[in-house]
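Notes follow the structure.
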Amino acid sequence: MAPDRTIVECDWLYLPEIVKSGKDPTSSVELFHRVHQQDFNACERCQPGMSSKVYAHDGVLVPSEHHIGVFHGWVTAQVGDVVPEH
């Protein structure tokens, strides 16, 4: 949303046959929640530096994360620079 403000929303989507089977997804949701929480905590530690001019042109990615830049470019090409209304 801004260099100092991020909103994270996660949805858990399961195939209809998984839902119909009655299988309890709690353990998988808890695992992914734990992993995501660790990622979010890492992002929060990086957030203060996001106002740096280094991030002015899509940020800085290490070579092993080049796919993130490609994905960001694809999303921007599909939807444009959309600013959420909040």
Side-chain angles (χ1 to χ4, degrees):
M1 300 208 44
D4 62 344
R5 184 163 183 219
T6 301
I7 293 176
V8 177
E9 182 177 316
C10 296
D11 294 313
W12 304 104
L13 306 175
Y14 290 89
L15 294 170
E17 50 269 19
I18 299 296
V19 175
K20 289 177 186 175
S21 76
K23 181 177 178 176
D24 183 7
T26 303
S27 61
S28 63
V29 170
E30 287 176 355
L31 171 64
F32 282 104
H33 175 71
R34 186 176 309 139
V35 171
H36 289 153
Q37 193 60 53
Q38 292 170 354
D39 289 346
F40 303 154
N41 291 341
C43 289
E44 285 178 5
R45 290 191 298 273
C46 294
Q47 202 77 23
M50 295 297 289
S51 59
S52 167
K53 65 182 176 181
V54 173
Y55 288 93
H57 301 288
D58 299 329
V60 177
L61 299 172
V62 296
S64 64
E65 295 180 333
H66 70 279
H67 58 283
I68 295 171
V70 172
F71 177 72
H72 182 265
W74 178 82
V75 170
T76 301
Q78 300 304 307
V79 299
D81 290 325
V82 178
V83 177
E85 294 180 29
H86 287 288

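When hydrophobic residues (I, L, V, M, F, W, Y) are linked wherever their side-chain heavy atoms come within less than 4.5 Å, the members clustered with Trp12 are Tyr14, Leu15, Ile18, Val19, Val29, Phe32. Residue Leu13 belongs to no hydrophobic cluster, having no ILVMFWY side-chain heavy atom closer than 4.5 Å to its own.
Applying the side-chain contact (heavy atoms from CB on, under 4.5 Å) rule to Trp74 yields the partners Phe71, Gln78; only residues at least two apart in sequence or on another chain are considered. For the side-chain contact (heavy atoms from CB on, under 4.5 Å) test, residues two or more places apart in sequence or in another chain that qualify with Arg45 are Asn41, Ala42. Every residue two or more places apart in sequence or in another chain was checked for a side-chain hydrogen bond (donor to acceptor under 3.5 Å, both in side chains) with Asp39, and none qualifies. Among residues two or more places apart in sequence or in another chain, the side-chain hydrogen bond (donor to acceptor under 3.5 Å, both in side chains) test is passed with Ser21 by none.
If you take NZ on Lys23 and CD on Glu17, they are separated by 12.5 Å, rounding to the nearest 0.5 Å.
Summarising the local packing, NE2 of His33 is surrounded by 12 or fewer heavy atoms from other residues, nucleotides or ligands at distances under 6.0 Å.
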